[in-house]
J.: 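Got a structure for you, questions after.
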Amino acid sequence: MKAKHKKLLARTGATVLITLILLFVSVPSVVVIMSAFNSTAILSFPPQDLSLRWFERAVTYRDFQRGFINGLIVTAWTSGIALVIGTALAYAIDRFQFRGKDLLETILLSPLVIPHFTIGLGVLMLASQVSMRGSFATVILAQVILVLPFVLRSVYVSLRNLDRRYELAAASLGASPLQVLLRVDLPLLLPGMFGGWLFAAILSFNEFSAALFVTSHATQTLPVAMYTYVREYTDPTMAAISTIFIVTTSITLVLANRFLGLRKVLAIEESK
Amino acid sequence: MTKRQIQFLFVIPAVFVAFLLVASLFSILQFSVREHVPGSLVVGGFTLDNFGRVLRPVYASVLRTTMELALSTALLTLVLSYPLAYALARVPSKAIQSLILIISITPLFTGDIVRTYAWLIVLGNNGFVNSTLMALGIIERPLQLMYTQLGVTLALVQYSIPVMVMVLTTAIAHIDRNYEKAAASLGAGPVRVFLKVTLPLSTPGIIAGVITIFAWTLSAFATPQLIGGGKVMMLSNMVYLVGFSSFDFPFAAVLSLIGLVVSIALLVAMNWSSRRVEKMGLH
Amino acid sequence: MMLDSTTCTATAPSVSAKHAVRLDGIGKSFGDVTALRDVWLKINHGEFLTLLGPSGCGKTTLLNMLAGFLTPDTGEVFIGNDCVTEMPPHQRDIGLVFQNYALFPHMSVAENVAFGLKMRKIPREEIRRRVAEALENVRLGAFGDRKPRALSGGQQQRVALARALVIRPRLLLLDESLSALDKNLRSDMQVELKEIQRRVGITTIFVTHDQGEALSLSDRIAVMAHGEIQQLSTPAEMYRSPANSFVASFIGDINQIGGMVERIEGEEALLVLGANNLRLAVPLSRCQGVKAGDGIRLFVRPEHLRLTQEGGQLRGILRARSYQGTHVEAFLDVDGADLVRVRLNRPGLAEALSQGAELGLDIDAAECLVFPQEDKQP
Ligand SMILES: Nc1ncnc2c1ncn2[C@@H]1O[C@H](COP(=O)(O)OP(=O)(O)OP(=O)(O)O)[C@@H](O)[C@H]1O
Ligand SMILES: [Mg+2]
């Protein structure tokens, strides 16, 4: 009886602790969503009246619109390029022996630890030496460098989990190496590739630090436009657009979890 | 096509990106040894003076703040993330696992600006915390949370939790549950099992996590920029200030190099410690 | 592709090849490890040949060479009349079944079976017909639309077999294909596999380290150790007349007793055995390369020993009995030998005996085997 009591107490304690931590993580988002529906320009808690006017302003604000379009352009190119390059390299690292393999891998994974502002400044300086400051090409280069490690890892993990015997079986059934690649490897790698691509796309669309350094007014992405806005205005337009971001991101994550398994995409190991 | 040509095809685009990355970092190095010509974007001749300026009190204090923030963030993040990671690795219900995972990693994906803006309206003088506390009559005047190290740390911790959770969950899931069962069968209660078996066996994850978050925090820009508001400055903010307000790119380059060197040092430390841990036979 | 022309083109030009498979002096090393050492092997058309041997003896390596996943360091591989040493796997027309089946998880059962036919650009209609036929053949006609993971182990096994056979390969290779199944299913599958193999008439090479499986399925068995074929013969021959002491102890249960050759007399060798200097005359045909004065080991199977209460050529103490259903095994402590295993077909006798009783053993000298003491023990 007493042991049972103790166990219940421990479980309750653990649940409360976890809930509190999760609250700490999620409260800012909840507060943002709440204030986005506030009718007055001055933030106040709890909101006085509900209104959608800030959403209207957010989606009609010129800089946000341009930032959104720019962001889509940059994200589409970045995630596409990173997917192709990352997949090819992951395959090469797993299957081929070539000189400088470790060095290449180390260099391309280094953006995981190098500060984004360092990379942003570096790309900016490189671009200004060849007079390409502020161009889309420069912005996309910085983003590709930043997201490539994620694609590389995601595809590499799926490659490692791919049973080589599928390839052997296909070859014995008459599939040429190219057919093995297209009909066996590619379909089996697709979830990993999609996960890596999604990862890259979200990170690229939301990336701010490096983007601030490399974009110009003409190429600025949505987060940069939002940064400028926060510095100039205090009305809840920001809350509205943030709400859109948060909701979209959460839905994407829930879907990714449902259909891909987030653990797999994030390369978190299952417990045995 | 020969096999070599195919391999070439697979590798060459990546080599190109790697080349541009190295070239970018090399540009920083190049700029760092050039003279700054005030009022001009064009840099002057060769000089090493830029490096000497790092030691001036303003910059030294920025470096100290950066390190303090990185360290306190890493430790606090560890404390808050461990329970989440433990639950992720050990709670049997898939639904609860998914819930915890999604909530705890969402901040990673909403982006710096959205996340930081959210903290602005949580911590501000008319913000959520102060309004709530005043409404409850706990305080009379708003607490100063904005522009303080505490405020910046809180926001940085939330920003770091997703990464820490990912590292720790993998480490804890890695532990063979039979060790825990063995300890329990030998008479250790749940708390002792945790303290004597699970926690020590997750040391590699803890070390990796703390170092990763340290590096992760060094990279933070938007959070200290907006919540620090120029009063709490990290290295990244100083680089931006120097580069984009005084257009002193050579000195911005020097400061960036410091960030680069610290990150590389952390990476080396991480490799070294994980090898040490392997030697101890923990993994 | 460059073929090594010197030996490869020197193939017999006859229209139909004498052997289904021929290995000429195959050798293969991985760094310091010699996986195969000068292997020569000829396999007849329609034959069921089993490669049997302990782990790491090179069975999979040999199979991989036949399938084309490995190229030998030395020697040539012939399938029919063709030298295939350097031919890539997808051109070889070989059916392959793995231990864990390797059914493509992203394709249905029918798509798995159709895969090889698609690679051969066979018309749609014919593919459909042959897939249905192949699935029918392994009694899985109704399962075509399922995904492989929705099948039981035995069913997956049969799909793998159908997938390998539907391309009408020249050769069927099975690497430990039954080892993942539990015991009952396994013996069912053995019967089924053998039946299908005979019906199709396909030359088959089967790898296992289960000697029971090898004895019951094979036309011939090749016992391997350390990358070499120790003996190649029919199961009965292998059991009755192993070529060396390794094969003798690897196949079936066998007792060993140390001793020496006293002298050779006519067609018999006179041996002195054990601590009590038992004398035994063994036909020379059952002795391998021994001469007077040599130290030897005598091998005798449990069923060739007879237990007696009184007398007997050897005497020993009964240490343990183990009930086996159809018979009883008794273990006797005999001087100069490890525990000697005796097979008793009349269980009643054993039960009458108490542990610790001293008993006699008669040896059926015509069934014994004698190998030199220093015979290589891989
Ligand atoms: N790719 C390889 N690299 C290095 N050594 C190898 C490789 N493949 C096989 N070997 C070695 O060659 C020897 C023969 O291996 P092989 O796989 O043929 O054994 P096997 O008879 O199939 O064993 P098992 O019954 O365990 O499957 C072993 O010592 C093995 O360690
Ligand atoms: Mg094997």
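Computed from a predicted model, the values in this text were never measured in an experiment. By convention in this document, chain letters (A, B, ...) are assigned in the order of the sequence lines, proteins followed by strands, and residues within each chain are numbered from 1. Below, each value reflects all heavy atoms present in this structure, side chains not excepted, and no hydrogens, waters or symmetry copies.
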J.: Calculate, to the nearest 0.5 Å, the distance between atoms CG and CE belonging to B:L25 and A:M125 respectively.
T.: 11.5 Å
J.: Given heavy-atom pairs under 4.5 angstrom as the criterion, report whether the side chain, backbone, both or neither of B:L267 touches chain A.
T.: side chain
J.: Report which part of A:R231 has an atom under 4.5 Å of a heavy atom belonging to chain B: side chain, backbone, both, or neither.
T.: side chain
J.: Passes side-chain contact (heavy atoms from CB on, under 4.5 Å), A:Y227 versus B:L226? Steps please.
T.: CA-CA 9 Å; A:Y227 173 75; B:L226 289 173; 3.9 Å; yes
J.: Using heavy-atom distances under 4.5 Å, tell me whether B:F109 contacts chain A through its side chain, its backbone, both, or neither.
T.: both
J.: Measure distances from B:I264 to the heavy atoms of chain A and classify the residue's part below 4.5 Å as side chain, backbone, both or neither.
T.: neither
J.: Let me know if A:S110 has heavy atoms under 4.5 Å from chain B in its side chain, its backbone, both or neither.
T.: side chain
J.: Who wins among A:R95, A:R258, A:H116 for the most heavy-atom pairs under 4.5 Å with chain B?
T.: A:H116
J.: For B:F244 together with A:F213, are the ring centres under 6.0 Å from each other?
T.: yes
J.: Let me confirm one number: the CZ-CG distance from B:F249 to A:L121, rounded to the nearest 0.5 Å.
T.: 6.5 Å
J.: Report the C-alpha distance between B:L266 and A:V113 in whole Å, list the side-chain angles of each, state the deciding distance to 0.1 Å, and finish with yes or no for side-chain contact (heavy atoms from CB on, under 4.5 Å).
T.: CA-CA 9 Å; B:L266 286 170; A:V113 287; over 6 Å; no
J.: I need the residue from B:I96, B:L154, B:L108 with the largest number of non-hydrogen atom pairs under 4.5 Å to chain A.
T.: B:L154
J.: With a 4.5 Å cut-off on side-chain heavy atoms, are A:L89 and B:F10 touching?
T.: no
J.: Would you indicate whether B:Y179, at its atom OH, is surrounded by more than 12 heavy atoms from other residues, nucleotides or ligands within a distance under 6.0 Å?
T.: no
J.: With respect to chain A, which residue among B:L84, B:I161, B:V157 yields the maximal number of heavy-atom pairs within a distance under 4.5 Å?
T.: B:L84
J.: Let's test your reading of the structure: which of A:A10, A:A92, A:S209 forms the most heavy-atom pairs below 4.5 Å with chain B?
T.: A:S209
J.: To the nearest 0.5 Å, what is the distance between OG1 (B:T116) and CE (A:M226)?
T.: 10.0 Å
J.: Can you name the nearest heavy-atom pair linking A:P115 to B:S219, along with the distance?
T.: CA-OG, 3.4 Å
J.: If you count heavy-atom pairs under 4.5 Å with chain A, which of B:P13, B:A215, B:A14 comes out on top?
T.: B:A14
J.: Can you tell me which portion of A:I33 sits under 4.5 Å from chain B's heavy atoms? Options are side chain, backbone, both or neither.
T.: neither
J.: To the nearest 0.5 Å, what is the distance between CD (A:E207) and CD1 (B:I113)?
T.: 10.0 Å
J.: Side chain from CB out, backbone as N, CA, C, O: work out which of these in A:V254 comes under 4.5 Å of a heavy atom of chain B, or both, or neither.
T.: both
J.: Using the test ring pair (Phe, Tyr, Trp, His ring centres under 6.0 Å), find all partners of B:Y82 that sit at least two apart in sequence or belong to another chain.
T.: B:F194
J.: Checking B:P83 against chain A: side chain, backbone, both or neither under 4.5 Å from a heavy atom?
T.: both
J.: Determine all donor-acceptor pairs shorter than 3.5 Å in which one atom belongs to a side chain in residues 17-32 of chain A; sequence neighbours excluded.
T.:
residue, atom, partner, partner atom, Å
A:T19, OG1, A:T15, O, 2.5
A:S26, OG, A:L22, O, 2.7

J.: Using non-hydrogen atoms only, which part of B:V22 is less than 4.5 Å away from chain A: side chain, backbone, both, or neither?
T.: side chain
J.: Side chain from CB out, backbone as N, CA, C, O: work out which of these in B:A135 comes under 4.5 Å of a heavy atom of chain A, or both, or neither.
T.: neither
J.: Is there a side-chain contact (heavy atoms from CB on, under 4.5 Å) between A:L253 and B:T106 once you walk through the steps?
T.: CA-CA 8 Å; A:L253 285 181; B:T106 305; 3.8 Å; yes
J.: If you take all heavy atoms of A:F245 and B:T110, which pair is closest and at what distance?
T.: CD2-O, 3.8 Å
J.: Verify the neighbour count for atom CD of A:E232: are there more than 12 heavy atoms of other residues, nucleotides or ligands below 6.0 Å?
T.: yes
J.: Write down the atom of B:Y117, the atom of A:S242, and the distance for their closest heavy-atom approach.
T.: CD2-OG, 3.6 Å
J.: Measure A:T118 against the heavy atoms of chain B and call it side chain, backbone, both or neither at under 4.5 Å.
T.: both
J.: Working to the nearest 0.5 Å, report the span between CH2 of B:W216 and CG of A:L112.
T.: 9.0 Å
J.: Non-hydrogen atoms of chain B under 4.5 Å away: do they reach the side chain of A:L148, the backbone, both or neither?
T.: side chain
J.: Counting only heavy atoms closer than 4.5 Å, note whether B:Y240 contacts chain A via side chain, backbone, both or neither.
T.: both
J.: Could you have a look at A:L141, A:V144, A:L152 and say which one has the most heavy-atom pairs with chain B under 4.5 angstrom?
T.: A:L141
J.: Non-hydrogen atoms of chain B under 4.5 Å away: do they reach the side chain of A:P111, the backbone, both or neither?
T.: side chain
J.: Measuring from atom CD of A:Q129 to atom CZ of B:F26, what distance do you get when rounded to the nearest 0.5 angstrom?
T.: 9.5 Å
J.: Taking side chain as everything from C-beta outward and backbone as N, CA, C, O, which of these in A:Q97 sits under 4.5 Å from a heavy atom of chain B? Side chain, backbone, both or neither.
T.: backbone
J.: If we define contacts as heavy-atom pairs under 4.5 Å, which of B:P162, B:S81, B:A253 has the most with chain A?
T.: B:A253
J.: Heavy-atom pairs under 4.5 Å with chain A are the metric here; pick the option from B:D112, B:L21, B:L20 that has the most.
T.: B:L21
J.: I need the residue from A:T243, A:L103, A:L108 with the largest number of non-hydrogen atom pairs under 4.5 Å to chain B.
T.: A:L108
J.: Stepwise, does the side-chain contact (heavy atoms from CB on, under 4.5 Å) test hold for A:N206 with B:V114?
T.: CA-CA 9 Å; A:N206 293 342; B:V114 170; over 6 Å; no
J.: Would you mind telling me which of A:V84, A:L212, A:V224 has the largest number of heavy-atom pairs within less than 4.5 Å of chain B?
T.: A:L212
